[in-house]
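To keep things clear, I will list the structure first and then write my remarks on it.
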Amino acid sequence: MTEETKQDEGKLIAERRGKLNALRERGNAYPNDFRRNATADELQQTFHEHDDATLREEDVHVAVVGRMMVKRVMGKASFIKLQDRSGQIQARLERDRLAEGVYQDFKKWDVGDIVAAEGVLFRTKTGELTVLADRVRLITKSLRPLPEKFHGLADQETRYRQRYVDLIMNADSAAVFRTRSAIVAYIRAFLDAQDYLEVETPMMQTTPGGAIARPFTTHHNALDMLLYLRIAPELNLKRLIVGGFERVYEINRSFRNEGVSTQHNPEFTMLELYRAYADYEDLIDMVEALMHGMSDAVLGSTTVTYQGEEFDLGTAFPRMTVEEVILHFNPDLEASKLRDRDYLVGVCDAHGIPVRDNYGPGKLQIEIFEKTGEDNLRKPTFVTQYPTEVSPLSRCNDADPFVTDRFEFFIAGREIANGFSELNDPEDQAERFRAQAASRDAGDEEAMAFDHDYIRALEYGMPPTAGIGIGIDRLVMLFTDSPSIRDVLLFPHMRPEVFD
RNA sequence: GGGGCGUUAGCUCAGAGGUAGAGCAUUCGGCUUUUAACCGACUGGUCGUAGGUUCGAUCCCUACACGCCCCA
């Protein structure tokens, strides 16, 4: 650190740096030899029923450590609160119980420092479990002051950019990420119990596929080649179905080079799973079971409240086809003309939806569905029978090849999952890829590229399979009542901060 | 990409065309059961950046940066 930046440093940091320098002169300022014998919450749980007399009788010696979040000095005695991963525990420091000079040192310590305390448990006259310390040590000096204790850290930008401060100050925020972890753990247990194999497939690909989206590109220096960050793991996972694993899943990041919003982050987490000898209705059943079990396990209830709306995840969810949704929210439309391109173009014009020449009736249906239906699908709903035109990897419906055996799952107007019976006819798949390539040539940057190896894999024979992708971030938003995807990402994408 | 709102002390926030305030934190003093501890004293700011208007701008105008929300 240069003299200049030292001078530029705020007074508060400079004061603490002075204290750190004094510590350095007295020995190792960053020790790593303290070991606790309990966390705050373990103590709160274990001694929940003990009154002060019982605690003193049992003479419970404890060693705790954590960030000092509260410091109340009252002359020759003080109370502090130490925060660890489990919660907080109070300690009482008395000058005359501590070794000579320690209490004077302690008075120089700051809120935010990492502090260790050893002593016996008692309960204060207001009933708070407290460590009466006979030893106390400064474990790590904090050079930067924490936000104000009462209001905490409120500034959105700082909460996202300096998530570590947010996690220190806002228990609610930390709880969101514990819930996130619980959700992912529940999914793994749920799938492992059904003999699914968890796998990892490449994030850097030479041909991006498996979804309709624009990819990020990168460059491999040694091989001097263009690579894409995957937009979905789908095609690789289905290669593994060809390989015989029969039940596979991956929970990991995909990347889409699109806008950033409360619903979209450039990198996001999906569960994708594939199951041989199953169809999309088996997956609909699985989603119901998963949502039911997950809400029970994570929330302890089958009702979830999201942004003031209450949803019951304990029952079977209604199913509607895409065309039924369109007619439901546009009752003036004529059901018999829903596949008539000219008619649909007129509907799009009426809603201000831009139409391109290469849009067929299926694409037009989806545009109308997204514009008029999606937001209104509040209660958990399965929407089925997506047009073949917009479902290049899905198996056509046997009775009505205009649509596929596909569904999406909506809650609160948001797509949570997308699943279908997989297209395993290599010749049909090649034809669909050619159609995608054509619209790509026509200027649609989101259209899929022709993946020759994927066709080759299908030519070896992929068993009839159903697959699904579930957006983990959106699921976590739902279960934690978070309005923005940034609230459920530890480090959401931000424009770079300017350091001057 | 378009629109709206925001950016003031470490944090949470007031404020007004005449060079800036509170609470908490910091610093100093007091206090051996506190709970946003309390009591007393003090300290702390190129008011996001750059231009413009004005006798004078942190306030009005313009552009830019960053953030939040809505729309595409």
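Chain letters run A, B, ... following the sequence lines, proteins first, then strands; residues in each count from 1. Just so you know, these numbers use all the heavy atoms, side chains as well, and skip hydrogens, waters and symmetry mates.
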Exercise for the section: Take atom CD of Glu157(A) and atom C1' of rU8(B), then tell me their distance rounded to the nearest Å. Expected result: 15 Å

Handout entry: Heavy-atom pair of closest approach, residues Tyr359(A) and Arg341(A)
Key = O-NE, 2.5 Å

Exercise for the section: Determine the contact category for Arg92(A): base if any of its heavy atoms lies under 4.0 Å from a base atom, sugar-phosphate if only primed atoms, P, OP1 or OP2 are that close, otherwise nothing. Expected result: base

Practice task
Tell whether Glu15(A) reaches the base of rU26(B) with its side chain through a donor-acceptor pair below 3.5 angstrom.
Solution key: no

Practice task
From the options rA37(B), rU12(B), rU34(B), select the nucleotide whose nearest atom is closest to the side chain of Lys149(A).
Solution key: rA37(B)

Problem - Presence of Lys108(A) side-chain N/O under 4.0 Å of rC28(B) phosphate oxygens OP1/OP2 - result: yes

Problem - Closest contact, heavy atoms only, Ser173(A) versus Phe177(A) - result: O-CD1, 3.1 Å

Practice task
Quote, to the nearest angstrom, the P distance that separates rC13(B) from rG56(B).
Solution key: 35 Å

Exercise for the section: Could you give me the CA-CA distance, side-chain angles and deciding distance for Thr158(A) and Asp155(A), then say whether side-chain hydrogen bond (donor to acceptor under 3.5 Å, both in side chains) is met? Expected result: CA-CA 5 Å; Thr158(A) 311; Asp155(A) 184 73; 2.7 Å; yes

Problem - Closest non-hydrogen atom pair between Val304(A) and Leu478(A), with its separation - result: CG2-O, 3.4 Å

Handout entry: Asn265(A) side chain to His493(A) backbone, donor-acceptor under 3.5 Å
Key = yes

Problem - Protein-nucleotide distance (Phe150(A), atom CZ; rA36(B), atom P), rounded to Å - result: 8 Å

Exercise for the section: Look at the side-chain N and O atoms of Thr262(A) and state whether any lies under 4.0 Å from the OP1 or OP2 oxygen of rC70(B). Expected result: yes

Practice task
Whole angstrom is fine here: how far is it from CE in Met169(A) over to C1' in rG10(B)?
Solution key: 12 Å

Practice task
Name the nucleic acid region contacted by Val111(A), choosing base, sugar-phosphate or nothing; use a 4.0 angstrom heavy-atom cut-off, strictly under.
Solution key: nothing

Handout entry: P-based separation of rC59(B) from rU46(B) [nearest Å]
Key = 16 Å

Completion exercise
salt bridge (charged side-chain N to carboxylate O under 4.0 Å, His left out) test vs Asp110(A) passes for just one of Lys141(A), Arg67(A), Lys71(A), namely Lys141(A)

Problem - Residue met sooner reading RNA chain B from 5', once Pro147(A) and Thr124(A) are mapped to nucleotides - result: Pro147(A)

Practice task
Looking at every strand, decide which applies to Tyr103(A) at a 4.0 Å heavy-atom threshold: base, sugar-phosphate, or nothing.
Solution key: nothing

Fill in the blank from the handout: Picking from rC68(B), rU34(B), rC24(B), the nucleotide nearest the side-chain atoms of Tyr160(A) would be rC68(B)

Practice task
Decide if atom CE of Met494(A) counts as having more than 12 heavy atoms of other residues, nucleotides or ligands within a radius under 6.0 Å.
Solution key: yes

Handout entry: Side-chain-base donor-acceptor pair under 3.5 Å for Gln90(A) and rU34(B)
Key = yes

Handout entry: rU54(B) versus rG40(B) - spacing of their C1' atoms, nearest Å
Key = 46 Å

Exercise for the section: Please state the C1' separation for the pair rA57(B) and rC47(B) - nearest whole angstrom. Expected result: 11 Å

Exercise for the section: Would you state whether a donor and an acceptor, one from the side chain of Lys125(A) and one from the base of rU34(B), lie under 3.5 Å apart? Expected result: no

Fill in the blank from the handout: Asp134(A) atom CG is separated from rU32(B) atom P, nearest whole Å, by 20 Å

Problem - Atom-pair distance (NZ on Lys81(A); P on rU34(B)), nearest Å - result: 12 Å

Practice task
Could you tell me whether Asp155(A) contacts a base, only the sugar-phosphate backbone, or nothing, with contacts defined as non-hydrogen atoms closer than 4.0 Å?
Solution key: sugar-phosphate

Handout entry: Rounded distance in Å - CZ (Arg161(A)) to C1' (rA65(B))
Key = 11 Å

Exercise for the section: Whole angstrom is fine here: how far is it from CE in Met74(A) over to C1' in rU35(B)? Expected result: 10 Å

Exercise for the section: Would you mind classifying the nucleic acid contact of Gly259(A) as base, sugar-phosphate or nothing, using non-hydrogen atoms under 4.0 angstrom? Expected result: nothing

Problem - Arg486(A) side chain near rC69(B) phosphate (N/O to OP1/OP2, under 4.0 Å) - result: yes

Fill in the blank from the handout: What residues 352-366 of chain A contributes to the RNA chain B interface at heavy-atom separation below 4.0 Å is none

Practice task
Would you please confirm or rule out a distance under 4.0 Å between OP1 or OP2 of rU35(B) and any side-chain N or O of Arg72(A)?
Solution key: no

Problem - By ring pair (Phe, Tyr, Trp, His ring centres under 6.0 Å) - contacts of Phe311(A) (at least two apart) - result: none

Practice task
Start with the C-alpha distance between Phe420(A) and Tyr386(A), add both sets of side-chain angles, then the distance that settles ring pair (Phe, Tyr, Trp, His ring centres under 6.0 Å), and finish with yes or no.
Solution key: CA-CA 9 Å; Phe420(A) 41 87; Tyr386(A) 278 68; 9.5 Å; no

Handout entry: Contact list for residues 31-51 of chain A, test ring-ring contact (aromatic ring centres under 6.0 Å, His included), sequence neighbours left out
Key = Phe47(A)-His50(A)

Completion exercise
Its glycosidic angle compared against 90° from 0, rU19(B) adopts the form syn

Exercise for the section: Provide the distance between the two C1' atoms, one in rA72(B) and one in rG15(B), to the nearest whole Å. Expected result: 38 Å

Exercise for the section: Would you classify Glu128(A) as touching base, sugar-phosphate or nothing, given that sugar-phosphate means primed atoms plus P, OP1 and OP2, and contacts are heavy atoms under 4.0 Å? Expected result: base

Exercise for the section: Using a 4.0 Å heavy-atom cut-off across all strands, classify Thr158(A) as base, sugar-phosphate, or nothing. Expected result: nothing

Practice task
Rounded to the nearest angstrom, tell me the gap between atom CD1 in Ile89(A) and atom P in rU34(B).
Solution key: 17 Å

Exercise for the section: Look at Lys107(A) and rG29(B) and indicate whether a side-chain polar atom (N or O) is within less than 4.0 Å of OP1 or OP2. Expected result: no

